[in-house]
Amino acid sequence: MRIYMIFTLALCLFLPFGCKNPSQVADYTIQKSIIAKNAVVSTAHPLASEIGLQVVKDGGNAIDAAIAVQFALAVVYPVAGNIGGGGFLTYRSGDGKISVCLDFREKAPAKAHRDMYLDAEGNVLSGKSTDGHLAAGVPGSVDGCWQMFQKYSKLKNWKRLLEPAVLLAENGFCITQSEADGLNEYRAGFVKNNTTPCVFVKKDTLAKWKKGDLLQQKDLAVTLRAIRDRGRDGFYKGKVATLLAAEMKRGGGLINEEDLANYQAIWREPLRGNYRGHEIISMPPPSSGGIALFQLLGMVEPFDFGHYGFHSPEHIHLFVEAERRVYADRAKHLGDADFYQVPVHELLDSQYILRRFSNFDPSKATPSSAIEAGVFARKESPQTTHFSIVDTKGNAAAVTTTLNAGYGSMTVVGGAGFLLNNEMDDFSAKPGVPNLYGALGGEANAIQAGKRPLSSMTPTIVTKDGQLYMVLGTPGGTTIITSVFQVLTNVVDFKMSMTEATHAPRFHSQWSPDEVYLEKNAASAETREKLKKMGHKVAGWPEIGQFESIMRRKDGKLEGVADKRAKDDSVSGY
Ligand code: GLY
């Protein structure tokens with residue numbers, strides 16, 4: 001209790017004083033890489049990483065830290081941290097006895113229906129699934145944290161885990177340059193989509209956010225206090241639920257109090273697979289992540305590409321050809337398995353995976369138009385954030401959580417101060433029409449009341465010889481899967497440290513559009529030319545992913561990494 005009070009006091013003192021000299025305090029200490037003996041927390045914001053680590057130092061486990069981090073990010077990282085969104089947890093206990101996934105993905109409201117984003121002619125109404133009230137699914141994050149707490153908390157002190165977030169919202173914190181840039185960029189969206197004054201828009205209409213500005217979120221503090229004091233009911237019932245339903249009415253959205261009261265996160269059996277002697281534990285539907293990752297690994301495993309040369313034309317070509325086939329399968333076969341019979345076993349069948357890749361030509365690209373989704377006999381599923389945590393007992397939590405696009409639907413619940421997701425866009429509004437991430441879908445991912453939209457989030461844990469080895473994950477929409485695939489193979493096949501594997505340049509391809517996206521330094525001019533000669537359409541992509549990873553090294557120490565691509569991502573450990 002004493003340590004908790006000292007920490008609370010430190011937080012209270014640190015924030016308001018610091019902001020008297022904002023430019024200095026906003027220069028948070030950012031650590032991109034750490035070697036630690038006991039525990040590591042890697043997140044998208046230094047305050048959240050420190051809050052998570054302090055929970056572990058106070059005797060909490062990885063789940064306690066994950067809960068505190070999730071609520072802290074909802075305050076200090078509004079672009080993706082959230083209580084108005086959803087996500088997935090992959091958790092493994094240090095002794096290996098427990099491996100579980102928690103699905104706290106948003107759900108389509110009861111009044112949602114298949115054609116809700118189409119006009120009378122059957123055309124998709126632009127912006128309806130991405131902007132404003134109609135874009136929001138029923139949030140799952142608070143119930144997700146509540147379920148984690150009920151089942152696996154060691155501290156058993158919910159209030160302790162919420163308190164840092166309450167204080168940050170109440171007292172404010174100094175925003176970083178990246179946050180200031182984001183808030184300025186999305187200003188017009190906030191103005192357009194909000195029915196009540198919004199804390200993310202400065203009162204002086206001409207004033208811009210700048211690094212070091214104090215962001216206080218008083219309404220959010222009240223909401224967080226309700227959750228702190230009443231658990232899940234503080235969000236899904238009572239005043240907060242009434243405010244959310246009222247906001248929906250004002251803005252023409254669908255979520256009502258019944259949708260909220262009925263929301264339930266679901267514990268799911270993780271998908272497990274093997275890759276070159278490693279066990280991979282990852283997320284089942286409604287994520288496409290686990291299935292796609294296992295298919296990709298299965299297709300490339302027969303090739304000794306570790307000797308091709310990192311990002312050589314042969315390496316990139318092999319991966320892109322696998323990705324083309326896997327994303328074609330994703331578009332046709334994957335959706336919420338509670339609503340659509342996702343052929344999980346068929347898609348993961350090793351014979352099917354080999355057969356699917358049997359027309360791979362090492363010398364030339366297969367046009368995506370020539371690739372259909374795979375067929376088999378049915379036996380009768382750009383703004384998110386990820387954090388990785390390992391505690392003193394080796395318990396590991398990989399959490400990917402999202403509002404979908406940056407700041408979600410850009411709609412703040414009036415009086416309750418939190419942003420709502422635009423996760424409905426992850427459904428397929430109409431077959432053949434791409435969503436925000438260019439992903440296609442059909443029947444499997446059609447909108448239905450109560451259904452969860454298909455996700456790409458891939459929180460993943462890797463073990464070796466029965467011991468924890470890696471904790472992996474990233475935001476990035478459909479690029480999540482290929483980023484996890486690359487960081488994992490960077491370590492296993494290219495023998496990189498976790499720091500090298502995380503920071504190494506990346507590329508991405510997803511069947512449709514038929515292009516290979518390369519980060520700036522991902523391939524030499526010569527390699528690009530060779531890929532083009534093979535028939536690939538090569539394009540640039542500024543940055544792919546924002547990876548937070550942890551590896552247990554041979555000496556038993558933990559190597560924690562925060563992606564250098566994002567300025568504020570920071571890892572803490574001791
Ligand atoms: N909203 C991004 C995803 O779930 O994949």
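What you see below is based on every heavy atom in this structure, not just the backbone, and it leaves out hydrogens, waters and symmetry mates. All ligand and atom numbering here is 1-based and tracks the order in the structure.
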Classify the side-chain pair Arg325/Thr366 by whether it contains a donor and acceptor separated by less than 3.5 Å.
-> yes
Please check if any side-chain donor atom of Asp329 sits under 3.5 Å from a side-chain acceptor atom of Tyr352, or the reverse.
-> yes
Using 30° and 60° as the class limits, which term best fits the ring planes of His315 and His311: parallel, tilted or perpendicular?
-> tilted
Would you mind listing each N/O atom of ligand 1 next to any protein N/O under 3.5 Å, plus the distance?
{"from": "ligand 1", "atom 1": "1 (N)", "to": "Asn404", "atom 2": "OD1", "distance (Å)": "2.7"}
{"from": "ligand 1", "atom 1": "1 (N)", "to": "Glu423", "atom 2": "OE2", "distance (Å)": "2.7"}
{"from": "ligand 1", "atom 1": "1 (N)", "to": "Asp426", "atom 2": "OD2", "distance (Å)": "2.7"}
{"from": "ligand 1", "atom 1": "4 (O)", "to": "Arg105", "atom 2": "NH1", "distance (Å)": "3.0"}
{"from": "ligand 1", "atom 1": "4 (O)", "to": "Arg105", "atom 2": "NH2", "distance (Å)": "3.4"}
{"from": "ligand 1", "atom 1": "4 (O)", "to": "Asp426", "atom 2": "OD2", "distance (Å)": "3.2"}
{"from": "ligand 1", "atom 1": "4 (O)", "to": "Ser455", "atom 2": "OG", "distance (Å)": "2.7"}
{"from": "ligand 1", "atom 1": "5 (O)", "to": "Ser455", "atom 2": "OG", "distance (Å)": "3.4"}
{"from": "ligand 1", "atom 1": "5 (O)", "to": "Ser456", "atom 2": "N", "distance (Å)": "2.7"}

Mind jotting down which residue pairs meet the salt bridge (Lys or Arg N to Asp or Glu O under 4.0 Å) criterion with at least one end in residues 424-442? Sequence neighbours excluded, please.
-> Arg105-Asp426
side-chain hydrogen bond (donor to acceptor under 3.5 Å, both in side chains) partners for Glu443, two or more places apart = Arg114
Of all residues at least two apart in sequence or in a different chain, which pass the side-chain hydrogen bond (donor to acceptor under 3.5 Å, both in side chains) check with Arg187?
-> none
